Amino acid sequence: MMVPVYILLSLLLLTTPVQEDAYKAQREQMVEQQLKRRGISDKAVLNAMRSVQRHLFVPPAIAAEAYSDGALPIGHKQTISQPYMVAYMTQVINPTPGMKVLEIGTGSGYQAAVLAEIVKEVYTIEIIPEHGKMAAARLKQLGYGNVEVKIGDGYAGWEEHAPFDAIVVTAGAESVPPPLFEQLREGGRMVIPVGPVYMTQTLKLIQKKRGKAVTRNLMPVVFVPFTREKQK
Ligand code: SAH
């Protein structure tokens, strides 16, 4: 049986927006149930979490789980953090439109995209080349022109673009890498999980005040380890 062309066309027109809306509704639900209820209140952060299409940052096979309340595997033993954790880490740096932010641990590029929705410039470093390349391509394709991805060991920071208004570290470090603190501007904020590898870490908020670190322990967290490039 022949299906009239106009039916095929209207089906096409229908399916695309419906698909979009299904995820949009899931994002809204994520914002209401996972974020607002747990105290995420910064409007810019909530809007960014509403906008970024998280399902495009996870492997296609698990896209349907993208808005669930947990971390998800992204390959090479790495994970994309739970939506709440991404929102929380973004909120604690008090992001504003003029800021320049450094992220260590690009992973899927999701946290970078959330930051990029709010601040002026995002610099992000990833040690696993496959992840870095994929994230860079994805961010470019999605139109995030204000994110720059570098492949390398984030321990050394990104001197060329320093100082940063804020630094977000998304891998668990045994201690705060001194170059990162140096590259934080006076008054700037760094959020970083610190603790032994493969154990519970403490999420810390470090503010640079008169050149000194003022540290606040935020909560226990579990992140994948901050690894180091072999020293040459
Ligand atoms: N922010 C990511 C999730 C990061 S998972 C997202 O939104 O998807 C942590 C990432 O940090 C992993 O991809 C890991 O490879 C990377 N990483 C670990 N040690 C690193 C280092 N020294 N420098 C840069 N990236 C590092």
Side-chain angles (χ1 to χ4, degrees), residues 30 35 45 48-49 51-60 62-63 65-68 70-93 95 101-119 122-139 142 144 147-159 161 164 166-181 183 190-198 201 203 221-232:
M30 169 189 87
L35 310 184
V45 175
M49 297 297 292
S51 305
V52 182
Q53 299 189 291
R54 183 169 163 97
H55 61 278
L56 300 179
F57 290 82
V58 301
I62 55 167
E65 290 165 61
Y67 301 98
S68 61
L72 289 170
I74 55 169
H76 298 278
K77 296 191 196 151
Q78 305 305 321
T79 55
I80 176 173
S81 301
Q82 175 194 28
Y84 170 69
M85 192 47 59
V86 174
Y88 183 81
M89 289 173 84
T90 309
Q91 177 167 276
V92 295
I93 62 161
V101 180
L102 174 68
E103 180 198 21
I104 308 300
T106 316
S108 68
Y110 178 70
Q111 170 78 72
V114 170
L115 288 165
E117 290 277 343
I118 307 170
V119 307
V122 179
Y123 295 91
T124 178
I125 307 175
E126 171 56 53
I127 203 164
I128 300 178
E130 290 83 354
H131 278 318
K133 284 181 203 152
M134 213 161 135
R138 180 180 283 143
L139 289 162
L142 294 174
Y144 291 102
V147 183
E148 219 179 297
V149 182
K150 176 164 101 169
I151 290 162
D153 185 348
Y155 188 94
W158 201 332
E159 187 73 65
H161 298 292
F164 299 97
I167 300 179
V168 175
V169 181
T170 67
E174 286 183 77
S175 56
V176 178
L180 297 183
F181 186 71
Q183 291 174 24
M190 168 161 35
V191 63
I192 178 171
V194 181
V197 184
Y198 291 117
Q201 302 121 14
L203 190 67
V221 288
V222 180
F223 275 78
V224 296
F226 191 105
T227 54
R228 298 296 318 276
E229 228 162 37
K230 287 196 185 71
Q231 304 300 312
K232 284 150 204 155

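A quick note: this is a predicted structure, and the numbers were derived from the prediction, not measured. Quick note: residue numbers are just sequence positions, from 1. Both counts, for ligands and for their atoms, begin at 1 and track the order of listing.
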Q: Can you tell which of Gly105, Ala113, Gly107 gets a heavy atom nearest to atom 1 (N) of ligand 1?
A: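 Among Gly105, Ala113, Gly107, the closest heavy atom to atom 1 (N) of ligand 1 belongs to Gly105.
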
Q: Just checking, Arg54 and Tyr110: is the charged tip under 6.0 Å from the six-membered ring centre and within 45° of the axis?
A: yes

Q: Keeping the roles fixed (side chain from Glu126, backbone from Gly107), state whether a donor-acceptor pair exists under 3.5 Å.
A: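 Yes; judged by distance alone, with no hydrogens or angles, the pair exists.
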
Q: Side chains of Glu117 and Tyr144, heavy atoms from C-beta outward: is any pair under 4.5 Å?
A: yes

Q: Could you say whether the N/O atoms of Ser108 and ligand 1 ever approach to under 3.5 Å?
A: yes

Q: How close does the nearest protein non-hydrogen atom get to atom 22 (N) of ligand 1, and which residue and atom is it?
A: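 I find the closest protein heavy atom is Thr227 O, 2.6 Å.
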
Q: Tell me, do Ile74 and His131 make a side-chain contact under 4.5 Å, heavy atoms counted?
A: yes

Q: Going by heavy atoms, is Ala135 under 4.0 Å from ligand 1?
A: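 No heavy atom of Ala135 comes that close to ligand 1.
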
Q: Would you mind running through ligand 1 and noting each atom that sits below 4.0 Å from a heavy atom of Ile128?
A: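 Those of ligand 1 that fall under 4.0 Å from Ile128 are 15 (O).
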
Q: Heavy-atom contact under 4.0 Å between Thr106 and ligand 1?
A: yes

Q: More than 12 foreign heavy atoms under 6.0 Å from CE of Met85: is that the case here?
A: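 Check passes, neighbour count above 12.
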
Q: Would Glu103 count as a contact residue for ligand 1, given that I'm defining contact as a non-hydrogen atom of the residue lying under 4.0 Å from a ligand atom?
A: yes

Q: Using atom types as modelled and distance alone, determine if a side-chain donor or acceptor of Gln201 lies under 3.5 Å from a backbone N or O of Phe223.
A: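 Checked: pair present.
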
Q: Tell me whether ligand 1 is touched by Gln78 - counting only heavy atoms on the residue side and a distance under 4.0 Å.
A: yes

Q: Does an N or O anywhere in His131 fall below 3.5 Å from an N or O of ligand 1?
A: no

Q: Contact between Leu203 and Met89 at the side-chain level, heavy atoms closer than 4.5 Å - yes or no?
A: yes

Q: For Gly152, take its heavy atoms, then give the atoms of ligand 1 lying under 4.0 Å from any of them.
A: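 Per the distance check, 23 (N), 24 (C).
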
Q: Pick, from Val52, Thr79, Leu72, the option with the minimum heavy-atom distance to atom 3 (C) of ligand 1.
A: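 Answer by nearest heavy atom: Thr79.
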
Q: List ligand 1 atoms under 4.0 Å from Val224, heavy atoms only on the residue side.
A: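 Contacts of ligand 1 toward Val224, numbered from 1: 5 (S), 9 (C).
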
Q: Would you tell me which option among Arg54, Met89, Glu126, Glu130 has the nearest heavy-atom contact to atom 15 (O) of ligand 1?
A: Glu126

Q: Is it the case that ligand 1 has an N or O less than 3.5 angstrom from some N or O of Gly154?
A: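 In this structure, Gly154 places an N or O atom under 3.5 Å from an N or O of ligand 1.
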
Q: Between Gln111 and ligand 1, does any nitrogen or oxygen pair lie at a separation below 3.5 Å?
A: yes

Q: Mind checking whether Ile127 contacts ligand 1 via backbone (N, CA, C, O), side chain (CB onward), both or neither, at a 4.0 Å heavy-atom cut-off?
A: both

Q: Test your reading of the model: is there a side-chain donor-acceptor pair from Gln183 to the backbone of Ala156, 3.5 Å cut-off?
A: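 Yes, because the side chain of Gln183 sits within donor-acceptor range (under 3.5 Å) of the backbone of Ala156.
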
Q: Determine whether a donor-acceptor pair (N or O, by modelled atom type, separation under 3.5 Å) exists between the side chain of Arg138 and the backbone of Leu56.
A: yes

Q: Against Ile93, only a single residue in Leu115, Ile167, Val119 fulfils side-chain contact (heavy atoms from CB on, under 4.5 Å); can you say which?
A: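 So the option named by the test is Leu115.
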
Q: Tell me: protein heavy atom nearest atom 18 (C) of ligand 1, and distance?
A: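 In this structure, atom 18 (C) of ligand 1 has Pro225 O, 3.5 Å as its nearest protein heavy atom.
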
Q: Consider ligand 1: state whether an atom of it lies below 4.0 angstrom from any non-hydrogen atom of Ala112.
A: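 Outside the 4.0 Å threshold, so no.
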
Q: Within the structure provided, determine whether Leu180 and Leu102 are in side-chain contact (heavy-atom separation under 4.5 Å).
A: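 Heavy-atom side-chain distance check passes, below 4.5 Å.
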
